[in-house]
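Here the structure is a predicted model, which is why all the values come from computation and not from measurement. Just follow the structure's listing: the first ligand is 1, and inside any ligand the first atom is 1. We're numbering straight along the sequence, starting at 1.
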Amino acid sequence: MYLYNIHTHNIGSREIEGYKFRYILNTFPDDFEKKSSENEDVWFSCGIHPWYIDDISRQISLLEEIASDERVVAIGEAGLDKMKGPDINIQIDVFRQQIELAVKVGKPLIIHCVKAWDELVALHKEYKTDIPWIIHGYRGNAQQAAQLGKIGFKFSFGEHFNEETLRSLPIESIFCETDTSEVTICKVYSSISDVLHIEINQFVEKIEYNIKKYIK
Ligand SMILES: [Zn+2]
């Protein structure tokens, strides 16, 4: 039985207390080659983070080469951030290209979104894709989550989250992650299963089901 960490920037232990971990290590087009050669037993996501948009056509063409690699199970993190990064219209343009690429290779999107929910929802409605759109590090309130969930978004929860939101969502729409935090994925699973009042092994099975259904 694996505990899946669907979004992390660091690989820690492979195993704790009898639980094995399966990581999706986040990479950027420029560090994918290095990170993928150093970590042979993990999965990867690769995307152009809105903070690091730079030479767009070069980043996109590199990402296009990487996206079909079988070790890459998701495109991202990619998305929109109104607090940091270039002008929102540039971010939208780069995100669009990544949505289209994810659709082309048939892989889920791992999304970074800060204060750009209207724009994100508009893109989701416009593209009407079959691929999962997973918002990572989700900390929004239950009302917002209900609106996003209703149109099909999935959510990944890390060290900090809104407990009411978590309890309000169907378990089929959630994933777990550590992102840049120092906590282990074991700790995230145990705090989420505590909030949901689900026995940890049962929770592990539910998340594994989601992984197989939506990611790989
Ligand atoms: Zn991240």
State whether H136 contributes an N/O/S atom found under 2.8 Å from the Zn ion (ligand 1).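 False for H136.
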
Has H7 got an N/O/S atom less than 2.8 Å from the Zn ion (ligand 1)?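 Yes, H7 qualifies, because one of its backbone or side-chain N, O or S atoms lies under 2.8 Å.
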
Rounded to 10°, how many degrees is the angle OE2/E77-the Zn ion (ligand 1)-NE2/H9?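 Once rounded, the angle between the two atoms at the Zn ion (ligand 1) is 90°.
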
Atom CD of E182: over 12 foreign heavy atoms under 6.0 Å: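 Counting other residues, nucleotides and ligands, CD of E182 stays at 12 neighbours or fewer.
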
Whether over 12 other heavy atoms sit under 6.0 Å from N89 CG: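 More than 12 within 6.0 Å, yes.
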
R139 NZ/CZ over F161 ring centroid, <6.0 Å and within 45° of normal: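 No, cation not above the ring by the 6.0 Å, 45° rule.
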
Residue from I110, I134, N210 passing side chain to side chain contact (heavy atoms under 4.5 Å, CB included) with I215: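 It is I134, the one option of I110, I134, N210 that forms the side chain to side chain contact (heavy atoms under 4.5 Å, CB included) with I215.
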
Kindly give the atom name of the N, O or S atom of D179 closest to the Zn ion (ligand 1).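 Atom name of the closest N, O or S in D179: OD1.
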
